[in-house]
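First comes the structure, then the notes that go with it.
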Amino acid sequence: MAYDADVIVIGAGLAGLAATAELVDAGRKVILLDQEPEQSIGGQAHWSFGGLFFVDSPEQRRMRIKDSHALALQDWMGTAGFDRPEDHWPRKWAEAYVDFAAGEKRGWLHKQGVRWFPVVGWAERGGYDAGGHGNSVPRFHITWGTGPGLVAPFERRVREGVARGLVQLMFRHRVTGLSRSAGTVDTVSGEILEPSGVERGRASSRAVTGAFEFRAQAVIVTSGGIGGNHELVRANWPERLGTPPERMISGVPAHVDGEMLGIAEATGAHLINRDRMWHYTEGIQNWNPIWEKHGIRILPGPSSLWLDARGNRLPVPLFPGFDTLGTLEHIMTTGYDYTWFVLNQKIIGKEFALSGSEQNPDLTGKSVKGVLQRARADVPAPVRAFMDNGADFVVEKDLSALVRGMNALTAEPLIDEAELRRRITARDRETLNPFTKDLQVMAVRGARAYLGDKLIRTAAPHRILDPKAGPLIAVRLNILTRKTLGGLETDLSSRVLTEGGDPLSGVYAAGEAAGFGGGGVHGYRSLEGTFLGGCLFSGRAAGRAAAKAVN
């Protein structure tokens, strides 16, 4: 039986596009399959903020940031906490990825036309010792054009492959099985779904109109993770993070369901670290949702007072932007699945950014004028829209009214006004002179030592209850599902491995399906800006390796 292509790529997200682009460069024939309609090409990368992790970049040097390969590797390993026998390949991928981020990554993307916002962000600051979790320096580079700006050059390369007759784009093809011939996985089968013209991200029909079966010398799985499948998230929820939350909102559409991971596992692939996952604690319900339970993540500066459901401050160093999973672990010990930010307009205007391309029209549209208007605004327009319309926002002139509004949003009225006033007042006293024992106030002052934070991301220390800085704002924060950190175990050539450690003949994997490399390049935690880059790095590796392997 003849082959239909040299390689079949399953999933048209960023990793799939990167792999296909490399196969095109090598002159290979590719079938690119995806269950969603063509308008969803690029997958979750389209919705992203476009953050990328670089080490010792020109942008960092211009911002007076001293970074190095050694410092980045120290941060990565301290954050990942690799401690399992199956972390052999994830550790190798981590070392290779830091090499990439400190080496050719930026130049490779720059040659394809990708550019970056000049101010480097500081995500996952850690707050522990030098060998622990977190970025020692700012490394979060925002793509000019956000997620769509990063997808564009790879989509262009793939469509050039279509024009050359090397690529067949087959959307609405849902894979249900992989099978072997002579010991090699070479057959992909599944269902053809009816055409759909729904807007990107919205639920598409699952009506089946036919079946398909294609054969190729190699198969690359780039189907993503499990973040849209809350039942699977709960089933894999680790004991170390406590009882899974009863209520979660979704950072990804429902079609990010993890089904392909099970299909690959049933074919012999080794799925590892399935209990490692990356969910955000600063999720808010989208007032203008695209998919079911659509949530947006707040990218916060360090000044908001973070309270649990009963109004207690979260423990040190669980400040906004410091330790995502450490915060999640603490929240799940409180008996509630939500927390609060309490702040004022002065803080929200400077410190709230919203993750996602659609929440940043200035950066996504590459509008210098729009960026300047954002910088001059008291509150950026997307944030103002949530203040006005968001189900999780309470905006009031005085604390009594704020507390009444907070208690009205929850099943139980847990916030005591007198206790909250006492906590805020105690914190506010610490801002009145340059000395403090409040480590969050100290962290705010430390952040402002970095020029980028001082200019656009961190408000000067001031009293939250200062009427001139008002009105007061409370934001109920929800658990937001997002990334799968575990995945299909792969070697450095992106070959999928079996439980015994041998390659599963004919199968490669990349992106979130492979834990962004090796089955879990991040270990337990991410340094942020590493998911898109992990898709690119592992997708590139898979495409290049498969191109060499086929005749």
Side-chain angles (χ1 to χ4, degrees), residues 49 117-123 140 142 146 282-288 296-307 319-321 340-403 405-406 409 424 427-428 431-432 440-441 443-445 447-448 450-477:
F49 201 21
F117 188 65
V119 179
V120 183
W122 195 355
F140 191 83
I142 301 169
T146 65
E282 313 98 329
I284 51 177
Q285 299 169 84
N286 193 344
W287 67 271
N288 187 23
I296 299 294
R297 186 205 177 189
I298 297 169
L299 301 172
S303 301
S304 297
L305 203 63
W306 205 337
L307 309 173
F319 310 133
W340 294 98
F341 278 165
V342 172
L343 62 158
N344 55 37
Q345 182 162 295
K346 183 175 181 179
I347 294 173
I348 203 171
K350 193 158 190 175
E351 297 198 6
F352 269 34
L354 301 173
S355 183
S357 55
E358 81 280 18
Q359 299 298 330
N360 295 275
D362 50 350
L363 294 167
T364 302
K366 301 182 180 181
S367 170
V368 175
K369 180 180 179 182
V371 170
L372 293 174
Q373 288 175 340
R374 180 204 290 232
R376 296 190 190 107
D378 289 339
V379 178
V383 176
R384 175 67 71 182
F386 273 91
M387 289 176 62
D388 293 342
N389 305 299
D392 298 303
F393 282 69
V394 182
V395 182
E396 296 288 352
K397 290 184 178 180
D398 63 79
L399 188 61
S400 297
L402 190 78
V403 170
M406 294 168 72
L409 286 186
I424 297 175
R427 177 264 181 207
D428 282 357
T431 67
L432 298 180
Q440 184 174 5
V441 175
V444 170
R445 290 178 174 146
R448 286 177 60 83
Y450 166 48
L451 181 61
D453 275 357
K454 185 174 183 178
L455 288 173
I456 64 171
R457 285 292 284 149
T458 306
H462 65 281
R463 293 187 301 118
I464 288 176
L465 295 179
D466 183 353
K468 296 178 182 178
L472 294 171
I473 302 163
V475 186
R476 180 180 57 183
L477 306 172

Task: Side chains of N344 and D466 in contact at under 4.5 Å (non-hydrogen atoms) - done: no

- [ ] Check whether any side-chain heavy atom of V444 sits under 4.5 Å from a side-chain heavy atom of T431, and report yes or no.
- [x] no

Task: Stepwise side-chain contact (heavy atoms from CB on, under 4.5 Å) check, F341 with W306 - done: CA-CA 5 Å; F341 278 165; W306 205 337; 3.3 Å; yes

Open item on the list: According to salt bridge (charged side-chain N to carboxylate O under 4.0 Å, His left out), who are the partners of E351, at least two apart in sequence or on a separate chain?
Closed with: none

TODO: With sequence neighbours excluded, tell me which residues meet salt bridge (charged side-chain N to carboxylate O under 4.0 Å, His left out) with D428.
DONE: none

- [ ] Answer whether the closest heavy-atom distance between the side chains of L465 and L472 falls below 4.5 Å.
- [x] yes

Open item on the list: So, using side-chain hydrogen bond (donor to acceptor under 3.5 Å, both in side chains) as the criterion, who are the partners of S367 when residues are at least two apart?
Closed with: none

Open item on the list: Evaluate N389 against N288 for side-chain contact (heavy atoms from CB on, under 4.5 Å), listing each step before the verdict.
Closed with: CA-CA 9 Å; N389 305 299; N288 187 23; over 6 Å; no

Task: Atom of R427, atom of S303 and distance for their closest heavy-atom approach - done: NH2-O, 4.1 Å

- [ ] Please answer whether the main-chain N or O of S304 pairs with a side-chain N or O of Q440 as donor and acceptor at a distance below 3.5 Å.
- [x] yes

Task: salt bridge (charged side-chain N to carboxylate O under 4.0 Å, His left out) partners of R476, counting only residues at least two apart - done: D392

Task: Partner set under ring-ring contact (aromatic ring centres under 6.0 Å, His included) for F140, not counting sequence neighbours - done: none

Task: Close side-chain approach of V475 to E282, heavy-atom, < 4.5 Å - done: no

Open item on the list: I'd like to check the salt bridge (charged side-chain N to carboxylate O under 4.0 Å, His left out) partners of R374; sequence neighbours left out, ordered by chain and number.
Closed with: D362

Open item on the list: For residues 393-403, which residue pairs pass the salt bridge (charged side-chain N to carboxylate O under 4.0 Å, His left out) check, not counting sequence neighbours?
Closed with: none

TODO: Only counting residues at least two apart or in another chain, list the ones meeting side chain to side chain contact (heavy atoms under 4.5 Å, CB included) with A443.
DONE: F319, F322

TODO: Just say parallel, tilted or perpendicular for the rings of F386 and F393, cut-offs at 30° and 60°.
DONE: tilted

Task: F352 to V383 - nearest heavy-atom pair and separation - done: O-CG2, 3.7 Å

Open item on the list: Could you report the tightest heavy-atom contact between P320 and G301, atom names first, then the distance?
Closed with: CB-O, 3.2 Å

Open item on the list: Restricting to side-chain hydrogen bond (donor to acceptor under 3.5 Å, both in side chains), what partner residues turn up for T364, sequence neighbours left out?
Closed with: T146

Task: Closest heavy-atom pair and its distance - F49, S355 - done: CB-OG, 4.2 Å

Open item on the list: Using every non-hydrogen atom in the two residues, find where P361 and E358 come nearest and quote the distance to one decimal.
Closed with: CD-O, 4.1 Å

Open item on the list: Tell me every residue that passes side-chain hydrogen bond (donor to acceptor under 3.5 Å, both in side chains) with W122, counting only those two or more places apart in sequence or in another chain.
Closed with: none

Task: N360 side-chain N/O to L354 backbone N/O, donor-acceptor pair under 3.5 Å - done: yes

Open item on the list: For I347 and I473: C-alpha separation, side-chain torsions, deciding distance, then whether side-chain contact (heavy atoms from CB on, under 4.5 Å) applies.
Closed with: CA-CA 9 Å; I347 294 173; I473 302 163; over 6 Å; no

Open item on the list: Using side-chain heavy atoms (C-beta onward) and a distance below 4.5 Å, is L363 in contact with V371?
Closed with: yes

Open item on the list: Just to verify, what does R384 make a side chain to side chain contact (heavy atoms under 4.5 Å, CB included) with, not counting sequence neighbours?
Closed with: Q345, V379, M387, D388

Task: Shortest non-hydrogen contact between R463 and A469, atoms and distance - done: O-CB, 4.4 Å

Open item on the list: I'd like to know if the side chain of R448 and the backbone of T458 have a donor-acceptor N/O pair within less than 3.5 Å.
Closed with: yes

TODO: Just jot down the side-chain hydrogen bond (donor to acceptor under 3.5 Å, both in side chains) partners of R457, sequence neighbours excluded, or say none.
DONE: none

